[in-house]
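Count residues from 1 along the sequence. Note that these values count all heavy atoms, side chains included, but never hydrogens, waters or copies made by symmetry.
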Amino acid sequence: MARIFIDGEAGTTGLGIRQRIEALPASYGLEILSIASELRKDKAARRSMLEQADVAILCLPDEAACETVALAEGLDVRILDASTAHRIADGWIYGFPEMDAEQAAAIKGARFVANPGCYPTGAIALMRPLVRAGLLPADHPVSINAVSGYSGAGRVAIEEHEKNGGPAFFLYGLNLKHKHLPEIRHYSGLTRQPIFVPSVGHFPQGMIVSIPLHLNDLPGQPSAAEIEAVLQDAYAGCAHVRVVPAETQLLADTLAHTDDMELRVHHNGEQAVLTARLDNLGKGASGAAIQNLLLMLGL
């Protein structure tokens, strides 16, 4: 029996994680520890939950996540943090199992695991193999465009969209300082800050991350086939990440309610657009957390 404490289980990601745990086979032997709603900000009560848990999953704002990590000092509990607080922090393992051949093993043995962000999952999956293969220079001026379902904006946004219809589409983060930029740059291997333009559409779940490239401006002028081959090799045999044929039209919500991600190389010979399609609440959040949790428990 492994005991799991979800600190922040009332939020969108926390609810998704709880539902996924409850849907797992009983043979996995997972028990969810819940704190009374009136005590969820009580430090002593949270410390008590941490003392009982084998793994604590943090679905909290960054400051509160750091507070929980401090509360766990001296305890045997392992921590999986879904906030942005520790994604590039020393001593934390990045929870993207498919990122490298050794990453799943590192997650399995780690005490502290940082769950990736939804946008970075797609961006890193596309760029890291290309940077490592030398097809995409680390200092290349990269632009990243992305659209997400409104569920990624939290409960208030969800209620607004479902009650009043919400805006059809909007760009945000136009100060070009989005909180996901540090992990995108760090794990992609980029030395130059990319331009990242996220957006939200009026659909609940789903996401597309897209990266345009002028192939003739890259060293060696690689073909789209060479780029696709590098991606195919990087994710060969992965259960949740696959490289699939390009399409001329791509819907953002096709993978909603799944924990998978599809990568594509769309091109016209001289130009290419790399795309990653996933569920912002699946492989981009709760689904990734469950994948990491099972690795941490050796399941």
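Checked against K283 for a side chain to side chain donor-acceptor pair (under 3.5 Å), the options H240, E262, E98 give a single hit: E98. With R46 as the fixed residue, the side-chain contact (heavy atoms from CB on, under 4.5 Å) test singles out one of E67, K41, R40: E67.
Note: F169 and H202 fail the aromatic proximity criterion, with ring centroids not under 6.0 Å apart. Under the 6.0 Å cut-off for aromatic ring centres, Y172 and H178 qualify, their centroids lying closer than that.
A 4.5 Å side-chain heavy-atom check between M127 and L190 finds at least one atom pair inside the cut-off. At a threshold of 4.5 Å between non-hydrogen side-chain atoms, the residues Y119 and M207 count as touching. At a threshold of 4.5 Å between non-hydrogen side-chain atoms, the residues L213 and V273 do not count as touching. With contacts defined as side-chain heavy-atom distances shorter than 4.5 Å, the pair R128/M99 qualifies.
By the 30° and 60° cut-offs, the orientation of the rings of F96 relative to Y94 is perpendicular.
Electrostatic pairing of D54 and R3 counts as a salt bridge here, judged by a charged N lying under 4.0 Å from a carboxylate O.
Few gaps surround CD on E22; more than 12 heavy atoms of other groups in view lie less than 6.0 Å from it. For Q52, the CD atom sits in a packed shell: over 12 heavy atoms of surrounding residues, nucleotides or ligands are nearer than 6.0 Å.
At least one donor-acceptor pair closer than 3.5 Å links the side chain of S151 to the backbone N or O of P204. R78 contributes a side-chain N or O that, together with a main-chain N or O of A110, makes up a donor-acceptor pair within less than 3.5 Å.
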